[in-house]
Amino acid sequence: MERTLIIIKPDGVQRGLIGRIVGRFEDKGLKVVGCRFRKLDESLLAEHYSAHKERPFYKGLVRFMSESPVLVLALEGVDAIKVCRKMMGATFGRDAEPGTIRGDFGVSRSYNLIHGSDSPEAAEREIGLFFDADEIVEWQPAAHRWVYDAEDLA
Ligand code: UDP
Ligand code: MG
């Protein structure tokens with residue numbers, strides 16, 4: 001089992017896409033283990049996007065991400081990081097394949113609806129940044145044994 005940090009960005013929230021985006025992850029079999037609706041401040045975003053600090057798009061990215069509320073999720077599943085990144089699609093909506101979240105819902109570059117951790121190290125760091133330990137909830141979905149077979153979980 002792996003966990004990943006997902007953010008439905010301000011454009012996704014403003015456009016009323018929270019339910020449809022979260023629904024895709026639920027449909028796929030991913031389990032919500034953390035969920036917070038909040039506005040992000042610039043200091044938290046500076047930590048979150050520290051790897052991009054020197055990039056030309058950084059300032060605009062922080063402005064966009066702090067302008068309006070976001071939905072932050074921690075999702076759990078087998079290979080959750082890879083599965084979620086595939087479901088998100090390529091970074092820019094115009095490049096993202098149909099069938100992906102970015103490909104189906106957006107055409108913008110920076111307004112690309114969703115963030116997802118890109119490695120186990122990033123996921124651990126990002127979940128720690130956005131959630132307190134007691135906000136991550138361990139639970140067993142009733143359908144769990146019909147989502148994964150024994151080999152998936154081995
Ligand atoms: N971004 C941007 N312009 C760029 C590259 C990235 O506005 O030229 C934004 C975009 O919102 C993206 C975020 O910066 O999601 C982080 O970039 P990254 O390369 O990590 O893309 P991701 O992992 O989100 O696909
Ligand atoms: Mg990234």
Side-chain angles (χ1 to χ4, degrees), residues 1-133 135-138 147-148 152:
M1 283 289 161
E2 196 170 69
R3 286 178 180 165
T4 187
L5 191 281
I6 296 290
I7 303 173
I8 301 179
K9 295 184 176 184
D11 54 329
V13 174
Q14 288 285 357
R15 291 177 53 200
L17 296 172
I18 288 176
R20 286 154 83 186
I21 293 173
V22 175
R24 287 185 176 217
F25 292 120
E26 288 189 309
D27 287 349
K28 182 73 175 170
L30 286 144
K31 170 168 66 163
V32 175
V33 294
C35 183
R36 286 187 71 180
F37 185 71
R38 58 180 294 194
K39 264 186 100 170
L40 303 179
D41 61 41
E42 293 194 7
S43 66
L44 177 58
L45 285 162
E47 281 195 63
H48 176 60
Y49 283 127
S50 57
H52 295 309
K53 210 174 163 77
E54 306 304 326
R55 310 284 290 278
F57 58 83
Y58 174 80
K59 241 183 119 187
L61 176 62
V62 170
R63 195 180 323 120
F64 155 57
M65 290 293 293
S66 59
E67 201 178 332
S68 183
V70 300
L71 190 82
V72 189
L73 295 166
L75 298 181
E76 187 181 283
V78 172
D79 287 334
I81 295 166
K82 184 180 77 186
V83 168
C84 291
R85 292 284 298 188
K86 277 194 103 149
M87 291 175 69
M88 288 161 51
T91 300
F92 303 137
R94 292 198 282 280
D95 303 330
E97 292 293 323
T100 65
I101 292 163
R102 287 164 168 172
D104 285 351
F105 294 127
V107 289
S108 169
R109 286 163 65 87
S110 51
Y111 288 9
N112 61 2
L113 297 158
I114 186 162
H115 166 84
S117 309
D118 63 7
S119 68
E121 299 70 34
E124 198 186 336
R125 189 178 77 87
E126 293 172 359
I127 289 171
L129 211 49
F130 289 93
F131 290 100
D132 294 333
E135 293 174 321
I136 299 295
V137 182
E138 311 260 1
V147 173
Y148 297 111
D152 295 322

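When a ligand or atom number is given, it counts from 1 through the structure's own listing order.
Annotation: Asn112 places an N or O atom under 3.5 Å from an N or O atom of ligand 1; distance criterion only.
Between Tyr49 and Tyr58, the ring centre distance reaches or exceeds 6.0 Å.
Atoms of ligand 1 found under 4.0 Å from any heavy atom of Arg102 (numbered from 1 in listed order, with element): 15 (O), 22 (P), 24 (O), 25 (O). In the vicinity of His52, heavy-atom distances shorter than 4.0 Å reach the ligand 1 atoms 16 (C), 17 (O), 18 (P), 19 (O), 20 (O).
Ranking the protein heavy atoms by distance from atom 9 (C) of ligand 1 puts Leu61 CD1, 3.8 Å first. The nearest protein atom to atom 1 (N) of ligand 1, hydrogens excluded, is given as Phe57 CD1, 3.5 Å; this is a heavy-atom distance. The single protein non-hydrogen atom nearest to atom 23 (O) of ligand 1 is Arg85 NH1, 2.9 Å, given as residue, atom name and distance.
A salt bridge between Arg20 and Asp104 is absent, with no side-chain N of the basic residue lying under 4.0 Å from a carboxylate O of the acidic one.
Scanning all heavy atoms of the two residues, the minimum distance from Val72 to Phe131 falls at O-CZ, 3.6 Å. Across all non-hydrogen atoms, the minimal contact from Glu76 to Ala80 is C-CB, 4.3 Å. Here the shortest heavy-atom pairing between Ile81 and Ser117 reads CG2-O, 3.4 Å.
The backbone and the side chain of Thr91 each have at least one atom closer than 4.0 Å to an atom of ligand 1 (non-hydrogen atoms only). If you look at Arg55 next to ligand 1, there are no close heavy atoms at all, none under 4.0 Å. Here Met88 has no heavy atoms under 4.0 Å from ligand 1, in either its backbone or its side chain. The side chain of Phe92, and not its backbone, has at least one atom closer than 4.0 Å to an atom of ligand 1 (non-hydrogen atoms only; side chain from C-beta on).
Put simply, the side chain of Arg85 gets close to the backbone of Gly116: a donor and an acceptor are under 3.5 Å apart. In terms of modelled atom types and a separation under 3.5 Å, the side chain of Arg109 and the main chain of Phe92 share no donor-acceptor contact.
Within a 6.0 Å radius of CD in Glu97, other residues, nucleotides and ligands contribute 12 heavy atoms or fewer.
Using a non-hydrogen distance threshold of 4.0 Å, Arg109 registers as a contact of ligand 1.
Of the candidates Gly93, Ala90, Ser110, it is Ser110 that places a heavy atom closest to atom 7 (O) of ligand 1.
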